[in-house]
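The sequence lines fix the lettering, A, B, ..., with proteins before strands; numbering per chain opens at 1.
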Amino acid sequence: MSSTGNLAGRISPGVGVGSGGRAVCTACGHDLGPAAGPWKDHAGVREVPLAQAGGEAYDTGDDAVVLRQFHCPGCAVLLDTETAMRGDPALVDRPAAR
Amino acid sequence: MDPMTFSIIRHRLFRIVDEAVITLKHVSGSAITNEGHDLMVSLYRADGTLLMGGVGFLHHLTSAAEACKAIIRRFAGDIHEGDVFLLNDPYTAALHTSDIYLVAPIHFDGRLVAWAACFVHVTDIGAVNPGGFAPQAPDIFSEGFSSPGIKLMDRGTMRRDVLDTILNMVRSPEMVTLDLRSMIACCNVARDRMQALIAKYGPAKVDDACARLVEQSEALLRARLRELPDGSWQSRQYLDVMGRTARVVLTMTKTADRLVFDFTGSDPQSPHSINCTKWAALGGLFAPLFPLLCYDITWNEGVIRPIEMIAPEGSIVNCTRPAPVSVATVGAIQSVNNAACTTIGKMLAASDKYREEATAVWHANHFAIFKFGRNQRGGYSIGILTETFAGAGGARSFADGVEIGGEVPNPISRMANVEQVEGTFPIRYLFRRRARDSGGPGMFRGGTGGEMAIVPHKAPDGGIDYVISGKGARHPMSEGLAGGWPGAPNSYIWVHAPEDGGDAPVSGAEGIDSLPGRRERVSWGVFPLRGRDALYVRWNGGGGYGDPLARDPELVRADVVAGLVGTASARRIYGVEITDGAVDAAATQALRTTIRQSRLAREAAE
Ligand SMILES: [Zn+2]
């Protein structure tokens with residue numbers, strides 16, 4: 001975990017703030033853009049209807065309800081999830097401006 | 001003040017609240033109070049500010065403070081020893097009309113020194129629908145008796161005219177009398193014990209200790225906030241009612257030793273009774289804040305000072321009169337609970353020191369189902385399905401959520417025994433158990449929720465009716481954390497018995513698949529449960545924590561064996577292949593590699 005050794009801070013367990021104010025994957029050190037972000041713009045995202053993602057227990061009969069999965073483009077680790085109505089903006093988490 | 005005396009007084013205050021809660025339960029005869037623990041007792045300073053918050057539904061702690069202040073303003077010069085005031089107007093301080101506050105001044109040597117306040121969800125409040133939650137109410141005027149402040153007891157004597165007026169407006173006056181008397185007993189005990197404490201240590205010393213206690217809480221919370229990372233975190237909750245979707249959007253910003261909860265971007269107030277007033281929204285964000293950030297700090301005014309709330313007027317979290325709010329406690333308030341739990345959880349998880357205090361959202365979606373009708377003894381019963389209080393724990397950074405593990409806003413919530421319900425209502429349970437695939441997947445899994453089905457049984461009218469305020473069944477509300485998935489959403493299904501006759505099902509070994517008949521989703525309004533029909537309810541699991549592909553395959557196998565996770569989910573979500581009851585390590589590794597590659601491949605394609 002050498003890549004996490006010199007973090008200036010974190011936005012979440014999986015997304016750190018590295019040198020130069022860059023967001024990084026804490027698992028592999030992959031660059032996720034400026035920490036002021038949003039880092040999700042630089043992550044991989046998979047958006048599928050909830051029922052398709054989760055099966056019967058998640059099937060509420062509405063395809064517009066989606067599960068978003070944000071993963072690291074470097075190591076594929078899942079960094080965050082959201083449930084949303086299709087078309088709603090992604091949630092933004094960011095460190096304090098410096 | 002010497003630290004020993006300070007500690008003793010602090011502890012005595014805590015015990016006063018504890019004993020008052022016990023009194024409340026001993027006198028009350030209602031399942032929602034005794035079994036569900038839908039209650040709260042707290043102590044307040046002479047100016048109405050929170051002194052010692054108690055257990056129960058924590059979103060009442062700050063609202064009851066506002067109730068005390070409203071009584072102080074309204075009855076200035078007319079507040080006497082032995083008085084008890086009633087307040088349940090949501091636009092003054094209450095959360096909804098059926099959660100009645102009783103507020104009692106505490107005097108010593110003729111001087112007002114403190115307040116005791118408590119609430120229970122009374123059996124009925126005379127709203128358009130029985131039980132207090134009124135999905136059919138278009139406005140506050142249809143949500144029953146509502147008072148911005150009235151004197152119920154005058155210098156220790158019940159005001160019969162006031163009591164009889166209230167009882168004249170409710171469906172179950174004998175139960176509502178008991179509800180009110182349980183709260184009066186609770187206030188009496190709190191007052192007596194507080195007076196005994198002051199008699200022992202003297203009013204000056206107790207007042208000094210109380211002031212220091214508030215200062216201590218403020219200093220401790222500010223110190224904790226300074227240790228946490230600065231930043232802003234967002235969360236969003238959806239509430240759907242009759243095809244209309246409303247959003248609660250929260251941006252929580254933490255700077256140094258201050259925390260701002262900003263609900264800008266939330267949807268306008270709804271025509272349905274899921275709205276909440278600003279006092280309710282404030283209480284709603286404090287409900288998770290007390291246990292998650294102040295688990296070792298006394299819950300009082302000092303904790304409130306570093307916190308600011310921005311709630312746009314006319315929005316679903318700060319509605320304007322006469323918007324209906326009777327479903328608020330399981331509507332907008334619970335969404336505020338959830339949203340605040342998520343943003344606080346994100347902030348804690350971003351801290352190396354406090355990560356273990358973070359949690360995904362617990363049981364996020366109450367289903368307020370009130371049964372009502374003629375019971376097997378010919379009387380009339382109204383009561384909630386207390387399974388709504390059973391809950392499910394959110395996953396943490398080091399452990400799974402607790403199965404059927406309760407909820408964050410009420411640390412003592414629980415459900416009634418099946419037999420208790422069957423003894424009160426002409427119904428029979430076919431099954432009640434943990435619900436497969438309900439816990440949010442993750443490296444640590446959210447606790448499972450439950451599922452149950454009921455049918456009429458020996459009902460003189462052939463069955464009963466029920467009011468359901470099942471908003472949000474289209475959306476998972478127990479958000480996951482750090483890559484964890486949300487818990488599966490609630491589900492309410494009316495199973496219409498086949499037309500070909502035959503007996504009602506007597507067993508539910510296979511869950512809902514045991515129940516023959518046509519299935520209809522229900523969520524909002526009044527519905528019958530009659531003849532051979534059944535009502536199936538599944539409630540949400542807790543949110544998960546971390547990437548499900550990082551979960552120990554042996555834990556997934558154990559979940560499959562226990563019936564908590566299905567084999568299809570084990571394979572598709574966790575990437576775990578189980579053969580003959582054992583983890584196939586090679587196949588699991590291959591499957592997980594494939595899922596990871598598909599994540600990256602999609603990225604390359606886009
Ligand atoms: Zn990575």
- Item | Neighbour count above 12 (heavy atom, 6.0 Å) for Glu510(B) CD | no

- Item | Point-to-point distance, once rounded to the nearest 0.5 Å, from OG1 of Thr81(A) to CG of Asp547(B) | 10.5 Å

- Looking at Asp352(B), Thr253(B), Leu348(B), which has the largest count of heavy-atom pairs under 4.5 Å with chain A? Asp352(B)

- Message: Could you check whether any side-chain N or O of Tyr238(B) sits under 3.5 Å from a backbone N or O of Met85(A), counting only pairs where one atom can act as donor and the other as acceptor?
- Response: yes

- Message: Looking at every non-hydrogen atom in both residues, tell me the closest pair between Tyr58(A) and Asp437(B) and how far apart they are.
- Response: CE1-O, 3.9 Å

- Message: At a heavy-atom distance under 4.5 Å, which candidate from Ser569(B), Ser235(B), Pro229(B) has the highest pair count against chain A?
- Response: Ser235(B)

- Picking from Ser397(B), Gly487(B), Ala358(B), Ser351(B), which has the most non-hydrogen pairs under 4.5 angstrom with chain A? Gly487(B)

- Item | Best-contacting candidate, Gly484(B), Gly541(B), Pro476(B), Gly480(B), against chain A by heavy atom pairs under 4.5 angstrom | Pro476(B)

- Query: Out of Ala349(B), Ser232(B), Pro441(B), which one racks up the most heavy-atom pairs below 4.5 Å with chain A?
  - Reply: Ser232(B)

- Query: Between Ala53(A), Gly61(A), Ser12(A), which has the largest tally of heavy atom pairs under 4.5 Å with chain B?
  - Reply: Ala53(A)

- Task: In sequence, state the C-alpha distance, the side-chain angles, and the governing distance for Lys346(B) and Asp93(A), and then conclude on side-chain contact (heavy atoms from CB on, under 4.5 Å).
- Result: CA-CA 9 Å; Lys346(B) 284 180 173 184; Asp93(A) 300 331; 2.9 Å; yes

- Using a heavy-atom cutoff of under 4.5 Å, enumerate the residues of residues 62-70 of chain A that contact chain B, numbered in order, or state 'none'. Asp62(A), Val65(A), Leu67(A), Arg68(A), Gln69(A)

- Message: Can you confirm whether more than 12 heavy atoms, excluding those of Gln589(B), are under 6.0 Å from its CD atom?
- Response: no

- Task: Would you mind checking which part of Arg355(B) comes under 4.5 Å of any heavy atom in chain A, side chain (CB onward), backbone (N, CA, C, O), both or neither?
- Result: side chain

- Message: Can you tell me how far apart CZ (Arg94(A)) and CG (Asp230(B)) are? Round to the nearest 0.5 Å.
- Response: 14.5 Å

- Flag side-chain contact, heavy atom, 4.5 Å: Asp88(A) against Arg247(B): yes

- Message: If I take atom CG from residue Asp240(B) and atom OG1 from residue Thr60(A), how far apart are they, to the nearest 0.5 angstrom?
- Response: 8.0 Å

- Query: Counting heavy-atom pairs under 4.5 Å to chain A, which of Gly543(B), Ala435(B), Pro489(B), Gly546(B) comes out on top?
  - Reply: Pro489(B)

- Query: Any chance CZ of Arg244(B) has more than 12 other-residue heavy atoms, nucleotides or ligands included, within less than 6.0 Å?
  - Reply: no

- Message: Given 3.5 Å as the limit, does a donor-acceptor pair link the side chain of Trp485(B) with the main chain of Glu82(A), or not?
- Response: no

- Note on the structure: Minimal heavy-atom distance between Arg236(B) and Thr83(A), with the atoms involved, is NH2-O, 4.2 Å

- Heavy-atom contact with chain A under 4.5 Å, split by part of Arg474(B): both

- Structural part of Ala473(B) lying under 4.5 Å from a heavy atom of chain A: backbone

- Item | Within-4.5 Å side-chain heavy-atom neighbours: Arg599(B) and Cys75(A) | no

- Residue Leu79(A) versus chain B: region with a heavy atom under 4.5 Å: backbone

- Turns out that what part of Pro89(A) lies under 4.5 Å from chain B's heavy atoms comes down to both

- Of the backbone (N, CA, C, O) and the side chain (C-beta and beyond), which part of Leu549(B) lies under 4.5 Å from a heavy atom of chain A, both, or neither? neither

